[in-house]
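See below for the structure under consideration.
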Amino acid sequence: EVVLRCEGLSKTYSEGTLYTPVFDGLELDVRRGETVAVLGASGAGKSTLLHLLGGLDTPSAGEVYVTGTMMSALSDAARGALRNRALGFVYQFHHLLPEFTALENVMLPVLLRTGRDSPSVAEASRHARELLESVGLGHRLQHKPGELSGGERQRAAVARALVNRPACVLGDEPTGNLDEKTAATVFDLMLSLNREQGTSLVLVTHDRRLARRLDRVLELHEGKLRQLAPHEV
Ligand code: ADP
Ligand code: ADP
């Protein structure tokens, strides 16, 4: 089962008369449970690719399919709902809401769900608590982001990304802001959640040592996506 697919994906930014072609005709399939690293120099287009995969930006040409649904065929509202339901996001900076506790931050994506299958607040709270425990933050449920360490905030962000049981987590340098040891811990955590829950991972990283631990390593270079052989990583 393919959870994420790109077909002929192209992006050119245009601002007035300035055109910045980023990539052209990318093809990518990510299967359920698969882990994929995306390497590439600064400016190669890694963030752009993740934004397109997550339906946060629209391609200049080509299509993105999330769990089989063509993103461009959806209304903005339906695209937002699919994104919240099927994908989780982890960024370099945690983007937790400062006024809310860790537990509330992790519950929020569940509470934003609409429709007949959306869980109750009690169920959201139970699952958020369970996830925070599994990332080692069972003793930090009522702490606000400002009261957590860098590593703890990033682990809370991972819990938040997983709370709707997404098919795939997209990470843009998810450990880029952490020291080496904490980065390895957060990376291990994402890999263990991948193994236990079958969540696919697509992680943009600069860190080749971390990338090597994923099933596939792709490099974005001069507008093309190429799979690296193990000895190239
Ligand atoms: P990476 O994540 O690999 O560093 P980006 O996807 O951020 O690369 O950027 C790819 C290219 O697109 C760069 O040349 C960048 O300057 C340009 N770019 C990124 N975002 C925009 C934007 N919103 N408008 C115009 N150009 C952009
Ligand atoms: P880490 O190695 O995970 O980044 P730190 O050394 O930054 O950990 O923090 C150690 C402990 O101190 C953590 O358990 C964290 O909850 C607590 N802590 C860090 N910063 C604050 C703060 N501003 N307010 C309250 N507790 C904090």
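Just so it is clear, the values below take in all heavy atoms, side chains as well, and ignore hydrogens, waters and symmetry mates. One-based numbering, in listed order, for ligands and for the atoms of each.
Using a non-hydrogen distance threshold of 4.0 Å, S14 does not register as a contact of ligand 1.
The protein non-hydrogen atom at the shortest distance from atom 18 (N) of ligand 1 is Y13 CE1, 3.3 Å.
Using cut-offs of 30° and 60° on the angle between ring planes, the pair F89 and Y91 is parallel.
With T199 as the fixed residue, the side chain to side chain contact (heavy atoms under 4.5 Å, CB included) test singles out one of Q197, R195, E196: Q197.
Atoms of ligand 1 lying under 4.0 Å from any heavy atom of S42, numbered from 1 in the order shown and given with element: 4 (O). Numbered from 1 in the order shown, with element, the atoms of ligand 1 that lie under 4.0 Å from a heavy atom of A41 read 3 (O). Using a 4.0 Å cut-off to heavy atoms of E15, the atoms of ligand 1 that qualify are 25 (C).
Contact annotation: for T48 versus ligand 1, heavy atoms closer than 4.0 Å belong to both the backbone and the side chain.
The 12-atom threshold is exceeded at CZ of R126, counting heavy atoms of other residues, nucleotides or ligands nearer than 6.0 Å. H95 NE2: more than 12 foreign heavy atoms inside a 6.0 Å radius.
Nearest to atom 13 (C) of ligand 1 by heavy atom, out of S47, G223, G43, A44, is G43.
Nearest heavy atoms, T58 versus K11: O-NZ, 2.9 Å. For M70 against E63, the heavy-atom pair with the smallest separation is CG-OE1, 3.1 Å.
For E133 and R129, the salt-bridge test fails: no basic side-chain N is under 4.0 Å from an acidic carboxylate O.
For atom 16 (O) of ligand 1, the nearest protein heavy atom is 4.0 Å or more away.
The distance criterion of under 3.5 Å between nitrogen or oxygen atoms is met by G45 with respect to ligand 1.
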